[in-house]
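Here the structure comes first, spelled out in structure tokens, and everything after it is commentary.
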Amino acid sequence: MRGFYILVILLMVSFIHTQEALIVSEPKDTVLVKYFKDVEKPVKRIFQFTVPKPGNVVLGVSEDGDIYPIFFERIPVRARKPGTTYHVLGQTILGFSVYSWSLPTALSLSGRSAGVVGLLTPFGFFTYGMLTSKFKSFPEALGGFFGGVTGAFHGYLLLDDIKGVFPVSLSENILDQYLAKRLKVSSAVVLRKALNSGNAFYEANMLSNVILDRGLQDKEWRIATLYSMVKGYGIMYLDKDDNTATEGDVIFEGKLQLLGAEFLPLILYDQDLGRLKAFASLTGYIPMYIYSRKLSKKYDLGFGESLVILFSPALASSLVGGIAILINNETLTKQLPRLYPIVDLALTYYLYNRFKN
């Protein structure tokens, strides 16, 4: 009976706030089951409610009809977007941008043969996308696309040959689709895998500067590439059960990590410090990396809002440049580049607090 009254109250609240409808869904994921492990009777079905106030609610219903409500500030299960169109689009883009030239190169073709294969390849991957898209989820589609992109870099650097682009790119394309389906990861985790595959090169290069007082050279790039692959797939596996992060959260993670990496080096921009600048960069990057992950667990950020925050460096640069022209003082102008990271940090802080949910 208690559950019935709660349900009635929720309906009344939704009618009072007529501008926002009551949204009811039954999540297919079983992640929420763990929240009902201490109830009297086993929960057979779970419903997710979204109402204006009190907010997000999850109801567990037992076989006998007993209702167990749980109130959340945020729902830890995301709706699974179908990936049909995205899969076709991603594979077609890869066909035009990466595979159209890398496949003829991998086959050592030239002249007319290279032209024919290169021109037919995009249509081939469009056809592949169409034939396999019916049962693709959005994370699978995203995984295939970003796997193809990161795989292209991995193939070139790992084999130190342009011929390595196509086979490794295609391998990661297919592998990431499979892992996204097998591990049932969210699209945010797929994005995080791509992000960490990329920032692994930064980490390796900075460590080289700190230890050897120079950037990566020759075969060291192969080691960095292996590290990139291990880190990317490792993050994907470790975060496989993370259903709280949004795509916007992960984009903001990358923005905050970049800000941390560049903050101190920009403050010290006119000083020839060598390896100390690389150390300063890592000193800002590491805590921002950890902090950004904590924020993703605590708050949500929409995809559009995260893109707005990405404009903060351009806005900071524009503001500092305008001030430099306005004051027209050579001594002060030389110091203004140090103002840029501070303005960028302030804008990032303001926008995040403005948009976070």
Aromatic ring proximity F201/Y227, centre distance under 6.0 Å
no
Quick check: closest heavy atoms across T121 and G95, and the distance to 0.1 Å?
CG2-O, 4.2 Å
Before accepting this row, confirm whether a basic side-chain N of the pair R192/D239 lies closer than 4.0 Å to the acidic partner's carboxylate O.
yes
With a 3.5 Å distance limit and no angle check, can you tell me whether N196 reaches the backbone of G232 through a side-chain donor-acceptor pair?
no
At their closest point, which heavy atom of P122 faces which heavy atom of G118, and how far apart are they?
CD-O, 3.1 Å
Report the C-alpha distance between V168 and E172 in whole Å, list the side-chain angles of each, state the deciding distance to 0.1 Å, and finish with yes or no for side chain to side chain contact (heavy atoms under 4.5 Å, CB included).
CA-CA 6 Å; V168 179; E172 291 198 32; 3.8 Å; yes
With clusters defined by side-chain heavy atoms of hydrophobic residues (ILVMFWY) lying less than 4.5 Å apart, directly or transitively, does Y156 cluster with L159?
no
Is it possible for you to say whether L142 and F303 belong to one hydrophobic cluster, with membership spreading through side-chain heavy-atom contacts below 4.5 Å?
no
Of all heavy-atom pairs between A204 and L216, which one has the smallest distance, and what is that distance?
O-CD2, 3.8 Å
State the CG-CG distance between L319 and D344, to the nearest 0.5 angstrom.
11.0 Å
Cut-off 3.5 Å, side chains only: do N353 and K356 have a donor facing an acceptor?
yes
Working to the nearest 0.5 Å, report the span between CG of L282 and NZ of K277.
14.5 Å
Salt-bridge present (D249, K298; N to O < 4.0 Å):
no
Do V190 and I93 sit in one hydrophobic cluster, given that two such residues count as connected whenever their side-chain heavy atoms are within less than 4.5 Å of each other, even indirectly?
yes
Looking only at the side chains, is there a donor atom on one of E253 and S296 sitting less than 3.5 Å from an acceptor on the other?
yes
Is there a side-chain contact between P341 and I267 (heavy atoms, below 4.5 Å)?
yes
Nearest heavy atoms of R222 and D160, plus distance in Å:
NH2-CB, 3.6 Å
Applying the side-chain hydrogen bond (donor to acceptor under 3.5 Å, both in side chains) criterion to Q177, which one of K136, E140, R182 satisfies it?
K136
Can you confirm whether P313 sits close enough to Y340 that some side-chain heavy atom of one is under 4.5 Å from a side-chain heavy atom of the other?
yes
Flag the pair L158 / L226 as yes when at least one side-chain heavy-atom distance between them is below 4.5 Å, and no otherwise.
yes
Of all heavy-atom pairs linking M288 and G260, the shortest is CG-CA, 3.6 Å
Output the distance between atom OG1 (T84) and atom OH (Y86), rounded to the nearest 0.5 Å.
10.5 Å
Can a cation-pi geometry be assigned to K294 and Y291, taking NZ or CZ under 6.0 Å from the six-membered ring centre and within 45° of the ring axis?
no
Tell me if the aromatic rings of Y128 and H87 count as close, with their centers under 6.0 Å from one another.
yes
I'd like to know if the side chain of S187 reaches the main chain of P139, judged simply by a donor and an acceptor atom lying under 3.5 Å from each other, with no hydrogens or angles considered.
no
With the 4.5 Å side-chain cut-off for hydrophobic clustering, are V210 and L276 part of the same group?
no
Are the side chains of F279 and N209 in contact, using a 4.5 Å heavy-atom criterion?
no
With a 4.0 Å cut-off on N to O distance, would you call E203 and K231 a salt bridge?
yes
For T150 and S197 the tightest heavy-atom approach is CG2-CB, 4.4 Å
Separation between OG1 (T132) and CD1 (I174), nearest 0.5 Å, reads 7.5 Å
Between OG on residue S208 and CD on residue Q217, distance to nearest 0.5 Å
7.0 Å
Please evaluate residues L256 and L295 with respect to the criterion side chain to side chain contact (heavy atoms under 4.5 Å, CB included), reporting the C-alpha separation (whole Å), side-chain torsions for both, the decisive distance (0.1 Å), and the verdict.
CA-CA 10 Å; L256 209 58; L295 287 177; 4.0 Å; yes
Within a strict 4.5 Å, meaning less than it, do heavy atoms of the K184 and D241 side chains meet?
no
Hey, does the side chain of S318 reach the backbone of A314 with a donor-acceptor pair shorter than 3.5 angstrom?
no
Taking OH in Y233 as the centre, count heavy atoms belonging to other residues, nucleotides or ligands within less than 6.0 Å. Is the count above 12?
yes
Under 3.5 Å, is there a donor-acceptor pair linking the side chains of S108 and K163?
yes
Less than 4.5 Å apart, any side-chain heavy atom of W101 and any of V165?
yes
N/O donor-acceptor pair under 3.5 Å between S100 side chain and S97 backbone:
no
Short side-chain donor-acceptor distance under 3.5 Å, D300 and T246
no
Exercise: do S312 and Y350 side chains pair donor with acceptor under 3.5 Å
no
Would you mind telling me which of F126, F123, F166 makes a ring-ring contact (aromatic ring centres under 6.0 Å, His included) with Y99?
F166
With a 3.5 Å cut-off and no angle check, do the side chains of S171 and N173 form a donor-acceptor pair?
no
Does a side-chain heavy-atom distance below 4.5 Å link S186 with F138?
no
Determine whether Y289 and Y285 make a side-chain contact, defined as any pair of heavy atoms from C-beta on separated by less than 4.5 Å.
yes
Please walk me through it: do Y269 and R338 pass side chain to side chain contact (heavy atoms under 4.5 Å, CB included)?
CA-CA 7 Å; Y269 80 99; R338 290 191 170 91; 3.8 Å; yes
Verify the cluster assignment for F125 and L109: are they in a single hydrophobic cluster under the rule of side-chain heavy atoms below 4.5 Å apart?
yes
Would you call E220 and R214 a salt bridge, using N to O less than 4.0 angstrom?
yes
Could you walk me through whether T348 and I309 satisfy the side chain to side chain contact (heavy atoms under 4.5 Å, CB included) test, starting with their C-alpha distance in whole Å, then the side-chain angles of each, then the deciding distance to 0.1 Å, before giving a yes or no?
CA-CA 6 Å; T348 302; I309 296 176; 4.2 Å; yes
Assess whether a salt bridge exists between K181 and D176, defined as any Lys/Arg side-chain N lying under 4.0 Å from an Asp/Glu carboxylate O.
no
Interatomic distance, L94 atom CG to F146 atom CZ [nearest 0.5 angstrom]
10.0 Å
